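Values below: all heavy atoms of this structure, side chains included; hydrogens, waters and symmetry mates excluded. For ligands, and for the atoms within them, numbers begin at 1 and follow the listed sequence. Please read these numbers as outputs of a predicted model, since none were measured by experiment.
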Amino acid sequence: MSFSYKSNDNVVQSIDTEDNFPISFEKIETAAKQAMSKSAFSYIASGAGGEETAKKNTDAFKNYSIVPRLLNDVSNLNTSITMFGHTYPTPLLLAPVGVLKLADEQGDLAVARAAAKYDVPYIQSTVSSYSIEDVAQATSGSSKWFQLYWCNHEEISFNMVKRAEEAGYEAIVLTIDTITLGYREKDLHHRFSPLALGYGQGNFESDREFLSSLSEINSHTILQGIIDNINYPALNWKHVKKLKESTSLPIILKGVLHPEDALQAIEYGIDGVIVSNHGGRQLDGVISSIDALPDIVKVVDSQVPVLFDSGIRRGIDAIKALALGADAVLIGRPYVYSLAVGGEEGVEQFLANFLQDLQTSMMLSGVKNVKELCQLNMVGV
Ligand SMILES: Cc1cc2nc3c(=O)[nH]c(=O)nc-3n(C[C@H](O)[C@H](O)[C@H](O)COP(=O)(O)O)c2cc1C
């Protein structure tokens, strides 16, 4: 298989690594950098502030080491997990990433199709480039979740949840760490806002509650309306309660870093939490996600699933998060770069490689299934 991409000056070039899709995260990232405009790549790659947390997210993995158990006959490997009444063949999900048209014209459609091929649930963002209905139509029958940014006009939130439910989505992820956009120095430097450029309007331009909230409907009011709606610093536990009451789908909070917030979520009847710092894109200086995980796993004490997000780059990272007690992990930037490099085929190839890495790493850790992974010894520095 040969991969080509459009370079910054729109000239089609082939990737300089073995003429195949790059294997390592670092090479995929480099190829994505070559394939995209400077400001678009920087939007995806960068973190908030001085990027201390973005860096810490991956660095901190090195502080945890696996102590494998050997001679355990791992010839019948089972990577499946069961969550919220569904059995998924792998403990992986694709994290919600908005404005995906920035990476490839087919955006969410390409990613959802690639995820469907491997039965990896795709979490679609509120600010996706295509609508819930478009994605559902492109991938009927595959597992999909919907990520909600609470909207200033709350009827829009409830309507989007209803649309996801009607389209057969299996869960709602409420992102709680983005009540306002993080202070992203590089985007400010490039004066770059993909939302203002119209890359994230798929769910809004098709939402009757959103359209009826506008005094006038034109491209300017739509784009401004989206930005005004998802900036919602008033978000609090009362909204969580209302959301829970509004749908029969499981509600999962994304962005939990403090054990007390995880406990409070359970008190409010929340069905799961995602330990995440948004890939270091929101508040710089916060704890790395992997360092936050063990204390949350401990207090949650298996009452609800604990998912992990922020910093997964290769199979062994997933193994470490699962060994520290996560029930499943979310992959973010690696699939976005793969999309930029090779479109749908690129995401497929990345997933195939990641799954191979995951299986190999599980076997070499001496575990036969994801449950056994949690019993694996981990040494922290
Ligand atoms: C370009 C980009 C856009 C994102 N958009 C969203 C979004 O719309 N909703 C959301 O909850 N998280 C969003 N995220 C955060 C991801 O869901 C995930 O938390 C983050 O990518 C994890 O960090 P990692 O990719 O470094 O592992 C976005 C991340 C990136 C890189």
Side-chain angles (χ1 to χ4, degrees), residues 25-26 28-29 32 36 39-48 51 53-61 92-104 107-108 111 121-130 145-151 160 171-179 181-182 184 186-187 192-195 197 199-204 226-227 229-230 235 252-257 273-283 286 288-290 292-293 307-314 317-318 320-321 326 329-340 350 354:
F25 168 76
E26 291 75 14
I28 303 173
E29 187 179 42
M36 303 179 84
S39 45
F41 173 78
S42 171
Y43 176 78
I44 296 164
S46 64
E51 303 187 337
T53 297
K55 189 166 180 303
K56 218 164 16 183
N57 273 343
T58 46
D59 286 353
F61 272 92
L92 310 176
L93 297 98
L94 295 192
V97 169
V99 301
L100 279 173
K101 260 194 189 177
L102 205 56
D104 180 83
D108 319 270
V111 175
Y122 172 55
I123 311 179
Q124 186 179 345
S125 165
T126 297
V127 287
S128 50
S129 299
Y130 289 87
W145 296 10
F146 178 68
Q147 174 266 325
L148 180 69
Y149 280 139
W150 193 270
C151 293
M160 284 195 189
I172 302 295
V173 171
L174 176 67
T175 298
I176 58 172
D177 59 16
T178 312
I179 50 166
L181 201 65
R184 302 183 189 160
K186 288 189 175 146
D187 297 338
F192 188 73
S193 164
L195 275 185
L197 291 170
Y199 286 104
Q201 61 190 48
N203 285 324
F204 286 90
I226 295 171
I227 292 165
N229 264 291
I230 63 174
L235 190 67
I252 300 136
L253 297 191
K254 174 171 181 275
V256 174
L257 292 172
V273 293
I274 304 179
V275 177
S276 168
N277 57 31
H278 214 108
R281 298 164 69 77
Q282 282 301 100
L283 178 62
V286 300
S288 76
S289 218
I290 196 74
L293 179 66
L307 286 76
F308 176 83
D309 165 88
S310 295
I312 299 288
R313 298 291 177 261
R314 19 177 72 86
D317 301 332
K320 287 183 181 179
V329 302
L330 275 59
I331 302 172
R333 286 182 177 97
Y335 86 75
V336 185
Y337 293 146
S338 302
L339 179 69
F350 160 73
F354 195 100

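- Counting only N and O atoms by type, the side chains of Asp187 and Ser193 include no donor and acceptor under 3.5 Å apart.
- Inclusion of Ile44 in the set of residues having an N or O under 3.5 Å from an N or O of ligand 1 is not warranted.
- Counting heavy atoms only, Arg281 comes closest to atom 29 (C) of ligand 1 of the residues Arg281, Arg333, Lys254, Gln147.
- Contact annotation: Asn57 has no heavy atom less than 4.0 Å from any atom of ligand 1.
- With ligand atoms numbered from 1 in the order given, ligand 1 contributes 7 (C), 8 (O) to contacts under 4.0 Å with heavy atoms of Ser125.
- Proximity of Tyr337 to Phe350: side-chain heavy atoms (C-beta onward) are nowhere separated by under 4.5 Å.
- Among protein heavy atoms, atom 21 (O) of ligand 1 sits closest to Gly332 CA, 4.0 Å.
- Of all protein heavy atoms, the one lying nearest to atom 6 (C) of ligand 1 is Pro96 O, 3.2 Å.
- Heavy-atom separations between Val336 and ligand 1 are all 4.0 Å or longer.
- Ranking the protein heavy atoms by distance from atom 11 (O) of ligand 1 puts Thr175 OG1, 2.7 Å first.
- If you look at Ser276 next to ligand 1, the close heavy atoms, those under 4.0 Å, all belong to the side chain.
- Annotation: Gly311 places an N or O atom under 3.5 Å from an N or O atom of ligand 1; distance criterion only.
- Scanning the protein heavy atoms around atom 3 (C) of ligand 1, the nearest turns out to be Val97 CG1, 3.5 Å.
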